[in-house]
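Written out below as structure tokens is the structure these notes cover.
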Amino acid sequence: MTTPPTADHPTGADPTPEPRVPHPTNHRPTRAARAHSFNAAAAQYAANRPSYPPALFDAMEDLAGHPLAGSRVADVGAGTGIATALLHARGADVVAVEPGDGMAAQFRSAHPDLPVIRGTGDDLPLADASVDLVTYAQAWHWTDPARSVPEALRVLRPGGALALWWNTDALDVPWIAEAAARTARHFGIDVSAEKRNVNARAADPTGRLDFTRRTVRWSRRVPVDTHLANIGSHSVFLVHGEEHTAAFLAEEREHLLRTFPDGCVEEVYEVILLVARAPGRRTPA
């Protein structure tokens, strides 16, 4: 059985077994603790996390070989429903799959008309050959590919597709690179590993899937409080205790206000998208 990838940076996509920078404390939070940490911060997550640009879904349709409109989609690790709602807005018949109590409750509150069922990508509560597209927005790294890859292939119809994506920081932007360095020093994580390890080999160590990769760059302008609440909603911050995290965010506010004296932060992202098609010819639903 393949060892599940770890998540040693803010968005959790780094499958390296240990952080490259020594952790400042004697106790590293477990992967399970990080995976469950979002449930207590679901409202903060929903209110402050970034969305995804329309170009991401254009690229997804191109690589999947069919439009989202009319497609049956399972959005796995749906969280508070950020991606699920966007898939629905594109005309997809989407069902959300979410394991966490807090996240699922927040999902139902924000999207009462969208279906959400409890489950994980390692054991999907879906019938064989029942969906055209399986999506994971910021969530594949919490699965064990030895189980989640066969599960995705099981529930996909012939010619369907698996789409994975992550919002990653644009580290070529100077202020973002400087902030990443401060995060690395304070929490002992390697933020730059995020992009290095979002690739086909990490997503499927067995090599059963043939992923195509696209990168979509986008940005949003938000108040500094929203930016701080956004980064504070990532698991590495949630599991380090309020005092430790609060100290970092207070210092970060000072840095940000020197860079953005008007109090509005220009967040720049590169969404990394991986899409693999299932074997066989797609048949209409």
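Basis for what follows: all heavy atoms, side chains included, without hydrogens, waters or symmetry-related copies.
With respect to Glu98 and Arg118, no salt bridge is recorded, no charged nitrogen being found less than 4.0 Å from a carboxylate O. Ion pairing between Arg72 and Asp132 fails under the 4.0 Å rule for side-chain N and carboxylate O. In summary, Asp128 and Arg157 do not engage in a salt bridge, as defined by a charged side-chain N under 4.0 Å from a carboxylate O. No salt bridge links Arg221 with Glu267; every basic N to acidic carboxylate O contact stays at or beyond 4.0 Å. With salt bridges taken as basic N to acidic carboxylate O contacts below 4.0 Å, one links Arg217 and Asp172.
Residues Leu162 and Leu133 approach most closely at N-CD1, 4.5 Å, considering heavy atoms. Taking both residues in full, the closest heavy atoms of Ala163 and Val275 are given as CB-CG2, 4.0 Å, listed atom of the first, atom of the second, then distance. Nearest approach of Asn230 to Pro50, heavy atoms of both residues: OD1-CD, 3.5 Å. The heavy-atom pair separating Val73 from Ala92 by the smallest distance is CG2-CB, 3.7 Å. Taking all atoms of both residues into account, the shortest heavy-atom contact from Ala96 to Ala78 is CB-CB, 3.5 Å. In plain terms, the two heavy atoms of His141 and Trp166 that are nearest each other are ND1-NE1, 2.8 Å.
Applying the 6.0 Å contact sphere to CZ of Arg201 captures no more than 12 heavy atoms from other residues, nucleotides or ligands. Summarising the local packing, CG of Asp62 is surrounded by more than 12 heavy atoms from other residues, nucleotides or ligands at distances under 6.0 Å.
Remark: side-chain polar atoms of Glu151 are paired, donor with acceptor, to backbone N or O of Leu124 under 3.5 angstrom. In this structure a side-chain-to-backbone donor-acceptor pair under 3.5 Å is missing from Arg214 to Leu63. No side-chain donor-acceptor contact under 3.5 Å links Ser109 to the backbone of Ala105. Looking only at distances, no side-chain donor or acceptor of Thr143 sits under 3.5 Å from a matching main-chain atom of Ala139. In this structure, Thr183 contributes its side chain and Ala179 its backbone to a donor-acceptor pair below 3.5 Å.
Pairs of residues two or more places apart, or lying in two chains, that qualify as ring pair (Phe, Tyr, Trp, His ring centres under 6.0 Å) and include a residue from residues 110-135 are Phe107-His111. Screening residues 199-226 for ring pair (Phe, Tyr, Trp, His ring centres under 6.0 Å), with sequence neighbours left out, gives Trp218-Tyr269.
In this structure, Trp175 has its ring center closer than 6.0 angstrom to the ring center of His227.
Inter-residue side-chain proximity for Leu273 and Leu164 is flagged as unmet; no heavy-atom pair is nearer than 4.5 Å. By the 4.5 Å heavy-atom criterion applied to side chains, Pro53 and Val271 are counted as neighbours. The side-chain heavy atoms of Leu209 and Leu153, taken from C-beta on, include a pair separated by under 4.5 Å.
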The test is salt bridge (Lys or Arg N to Asp or Glu O under 4.0 Å); show your working for Arg90 and Asp58 and say whether it passes.
CA-CA 10 Å; Arg90 296 282 294 226; Asp58 294 340; 2.8 Å; yes
May I have the step-by-step check of ring pair (Phe, Tyr, Trp, His ring centres under 6.0 Å) for Trp165 and Tyr52, ending in yes or no?
CA-CA 10 Å; Trp165 68 91; Tyr52 305 103; 5.8 Å; yes
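With no hydrogens or angles considered, no side-chain donor-acceptor pair links Thr120 and Asp122 at under 3.5 Å.
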